[in-house]
Structure formats: C-alpha cells, structure tokens
Trainee: 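Take this structure first; my questions come after.
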Amino acid sequence: MKDLTGIIAQQTDIATGIRILTEEFPGAVVFSTSFGQEDQVLADIIWRNALPVRVFTLDTGRLFQETYDLMDVTRARYKQPFDIYFPQTAAVENLLKEKGTNSFYDSVENRKECCHIRKVEPLGRALQGAKVWITGLRAEQSENRTDMPVLEWDEHRGLYKYNPLIHWSYEQMIAYLKDNNVPYNKLHDKGFISIGCAPCTRAIEPGEHPRAGRWWWELSKKECGLHS
C-alpha cells in the first residue's frame, strides 16, 4: 500500500490531492457537505474540476430555510447531483413521542441523542462502501480539531478521512469564495459562522468563538458526534 498520508500531506493543490485519492480508490471517494462556507469551497473544487466524487448531504429535518435555498442555488449553479440522507422516520417519531419536540434543550445527553438520530445514523448509511471521506473541517473551528491531520485513518468507520482545509484560515476561505463567485448561505452575512440545525444555532457576537453559536445553552465540546 502506498504511503497515502505522506503523499497527500505534500500536496498543496486540493484538486490534485482529491484526484490522487480517486485514482487509488475509484468509485469510493465521497464528500459530505452541510452547505457551509468550507463545504462550498470544496464542492466548487470538486465540480469545477469534474472529479469523480460522490457528494451527499444530511437533511436533519430541522435546517434553516436559507440552507434549503442554498441547496437549490448550488444545484442550479453547478448542475450536478448530490444525494440527500434523512433520519429514520421511526426513530424521529419515537423521540418526539417520548421526549417532545425540543428535548435537546434539557440536557447534553438529550442533545447528543437527537444528533445521533438526525445526523450520526444517516451519516453511517451515507458512508457505506466509501474508502475516503472528504470533509470541510478547519482547525480554527474548534479546539477539538487543532491536531487533526490532512489525511487520517478513521478506525471506527474503516476509511480514510481527508481534511484538505484543515490548515486554511478563515480569511483564505472567504477569499476563495469571493474570487470564484461561489454561492454561500446568506446567514453568514448575519453573524452565523457555523450553521447547523435552526433550533441549535444562533449568530455570534464580535469576539466570540466561532463555535459559540452552536448549542449555545450548554457547556460541552460543541460536537455532534460526526467527527468525534
């Protein structure tokens, strides 16, 4: 097996890095997008370069209308398909029946349960058969991500996790979006840095940590379980 970690770490061009992985694992490279700014950068790179990557997103059922609007704008702009995975109906129905609509406000455990049903379980289905999972993670987003390498082996899921933007700064990301006229979520112009589900996301104040707007009512590591 090639030293993929070393090979990819040496690549400064993201399109080249992705192309190397698609050649090594044909038909088994996927990209998960939440339609945040980072993910729009990667989607633009993938589709602009016609890279053979399957793109998918998770629709939790509680997203902002602006996120749905961006999905349509992105589809119209690139004219490329992407798969949409929803949570299991029975699991959502049981959760709401047993704990109500907004149980995630009551405890960290309840919130993680909701995240698992709406995001983690659908992600597991979306990653079936994948050998490489491309993400839009950046080290600046969270203290939990500062030590993440560009390419890592995910033992739990049995695949490579490629984080090509991990060392990008916020300014680099914004510059790419502007220079390439990439569509983005209009909530970003209203103080929303990290955008997730509508009940769990708020705009941040000047000087606040980028993740402060996610699950703002709790003291935790501010992760949903997708990348932990």
Side-chain angles (χ1 to χ4, degrees), residues 31-44 46-47 54-93 95-97 99-106 110-123 125-126 135-138 141-142 165 170 173-174 176-178 180-206 208-218 222-227:
F31 167 51
S32 60
T33 174
S34 64
F35 290 89
Q37 290 169 310
E38 292 85 2
D39 292 337
Q40 288 297 92
V41 168
L42 291 176
D44 182 80
I46 289 169
W47 287 329
R54 179 171 68 84
V55 180
F56 71 86
T57 190
L58 307 178
D59 186 344
T60 66
R62 307 282 315 248
L63 302 180
F64 286 94
Q65 181 59 46
E66 288 86 349
T67 302
Y68 292 116
D69 293 341
L70 180 59
M71 288 185 189
D72 287 340
V73 170
T74 301
R75 183 182 288 106
R77 163 69 180 276
Y78 297 99
K79 295 179 174 56
Q80 295 293 327
F82 50 84
D83 297 330
I84 302 178
Y85 287 82
F86 295 89
Q88 299 282 9
T89 301
V92 175
E93 290 177 347
L95 176 65
L96 270 60
K97 179 181 179 180
K99 296 187 176 180
T101 305
N102 297 317
S103 61
F104 41 81
Y105 291 132
D106 296 334
N110 279 357
R111 193 270 293 171
K112 289 184 176 180
E113 178 184 23
C114 186
C115 285
H116 182 85
I117 290 171
R118 295 181 182 274
K119 300 173 73 174
V120 179
E121 190 280 331
L123 175 68
R125 285 186 276 120
T135 84
L137 298 179
R138 288 189 307 109
Q141 294 171 320
S142 171
L165 302 182
Y170 177 79
M173 176 186 66
I174 296 301
Y176 184 96
L177 294 173
K178 290 182 178 179
N180 294 280
N181 193 30
V182 178
Y184 64 91
N185 196 318
K186 299 308 178 185
L187 289 174
H188 290 304
D189 294 332
K190 301 178 181 180
F192 288 79
I193 301 299
S194 177
I195 302 174
C197 292
C200 301
T201 310
R202 67 162 172 80
I204 64 172
E205 300 296 331
E208 279 193 299
H209 190 279
R211 297 288 283 182
R214 300 295 295 275
W215 312 296
W216 69 91
W217 64 89
E218 67 179 49
K222 302 291 186 177
E223 295 286 357
C224 62
L226 295 184
H227 300 289

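Not measured: the values here are computed from a predicted model. We number each residue from 1, following the sequence as shown.
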Trainee: Kindly say whether Phe56 contributes a backbone atom to a donor-acceptor pair with the side chain of Ser32 at under 3.5 angstrom?
Mentor: no

Trainee: SG of Cys114 to NZ of Lys99: how many Å apart, nearest 0.5 Å?
Mentor: 10.0 Å

Trainee: Just say parallel, tilted or perpendicular for the rings of Trp47 and Tyr78, cut-offs at 30° and 60°.
Mentor: tilted

Trainee: Measure across Gln37 and Ile193 and return the closest heavy-atom pair with its distance rounded to 0.1 Å.
Mentor: OE1-O, 4.5 Å

Trainee: Got a second to check how far Trp215's CH2 is from Thr201's OG1, nearest 0.5 Å?
Mentor: 7.5 Å

Trainee: Nearest 0.5 angstrom please: Leu63 CG to Ile195 CD1, how far?
Mentor: 10.5 Å

Trainee: Give every donor-acceptor pair under 3.5 Å between a side-chain atom in residues 181-188 and any protein atom, sequence neighbours left out.
Mentor:
| unit_1 | atom_1 | unit_2 | atom_2 | d |
| --- | --- | --- | --- | --- |
| Tyr184 | OH | Asp189 | OD1 | 3.2 |
| Tyr184 | OH | Asp189 | OD2 | 2.9 |
| Asn185 | OD1 | Leu187 | N | 3.0 |
| Asn185 | ND2 | Thr67 | OG1 | 3.2 |
| His188 | ND1 | Phe192 | O | 2.8 |

Trainee: Could you tell me if Asp69 and Gln65 have a donor-acceptor pair between their side chains, going purely by distance under 3.5 Å?
Mentor: yes

Trainee: Give me the ring orientation class for Phe104 and Trp217: parallel if the planes are under 30° apart, tilted from 30 to 60°, perpendicular past 60°.
Mentor: tilted

Trainee: Which pair of heavy atoms, one from Leu70 and one from Gln40, lies closest together, and at what distance?
Mentor: CD1-NE2, 3.9 Å

Trainee: Answer whether the closest heavy-atom distance between the side chains of Glu113 and Leu95 falls below 4.5 Å.
Mentor: yes

Trainee: Between Glu208 and Arg202, does at least one N-O distance fall below 4.0 Å, as a salt bridge requires?
Mentor: yes

Trainee: Check whether any side-chain heavy atom of Phe31 sits under 4.5 Å from a side-chain heavy atom of Thr135, and report yes or no.
Mentor: no

Trainee: Carefully, step by step, assess Arg214 and His209 under the rule side chain to side chain contact (heavy atoms under 4.5 Å, CB included).
Mentor: CA-CA 10 Å; Arg214 300 295 295 275; His209 190 279; over 6 Å; no

Trainee: Output, in order, the C-alpha distance, side-chain angles, deciding distance and verdict of side chain to side chain contact (heavy atoms under 4.5 Å, CB included) for Val55 and Asp83.
Mentor: CA-CA 6 Å; Val55 180; Asp83 297 330; over 6 Å; no

Trainee: Which residues pass the side-chain contact (heavy atoms from CB on, under 4.5 Å) test with Asp72, not counting sequence neighbours?
Mentor: Arg75

Trainee: For Asn110 and Tyr105, what are the C-alpha separation, side-chain angles and deciding distance, and is it a side chain to side chain donor-acceptor pair (under 3.5 Å)?
Mentor: CA-CA 8 Å; Asn110 279 357; Tyr105 291 132; over 6 Å; no

Trainee: Measuring from Gln88:CD to Glu121:CD, what's the distance to the nearest 0.5 Å?
Mentor: 4.5 Å

Trainee: Tell me the closest heavy-atom pair linking Pro122 and Pro87, and the distance in Å.
Mentor: CG-CA, 3.7 Å

Trainee: Over all heavy atoms of both residues, which pair between Thr60 and Arg118 is shortest? Give the atoms and the distance, please.
Mentor: O-NH1, 2.7 Å

Trainee: Give, for atom CG of Leu42 and atom CE of Met173, the distance between the pair rounded to the nearest 0.5 Å.
Mentor: 11.0 Å

Trainee: Are the aromatic rings of Phe82 and Phe35 close, with centres under 6.0 Å apart?
Mentor: yes

Trainee: For Trp216 versus Cys200, what's the shortest heavy-atom pair and its separation?
Mentor: CZ3-C, 3.5 Å

Trainee: Has the side chain of Asp59 got a donor or acceptor atom that lies under 3.5 Å from a matching backbone atom of Tyr85?
Mentor: no

Trainee: State, with a plain yes or no, whether a side-chain heavy atom of Met71 is found less than 4.5 Å away from one of Thr33.
Mentor: no

Trainee: Please confirm whether the backbone N or O of Ala76 pairs with a side-chain atom of Lys79, one donor and one acceptor, at under 3.5 Å?
Mentor: yes

Trainee: For the residue pair Ala126 and Arg54, what are the closest heavy atoms and their distance?
Mentor: O-NH2, 2.5 Å

Trainee: If I take atom CG from residue Asp44 and atom CG from residue Asp39, how far apart are they, to the nearest 0.5 angstrom?
Mentor: 12.5 Å

Trainee: Could you check whether Glu93 pairs with Lys97 (Lys NZ or Arg NE/NH1/NH2 to Asp/Glu carboxylate O, under 4.0 Å)?
Mentor: no

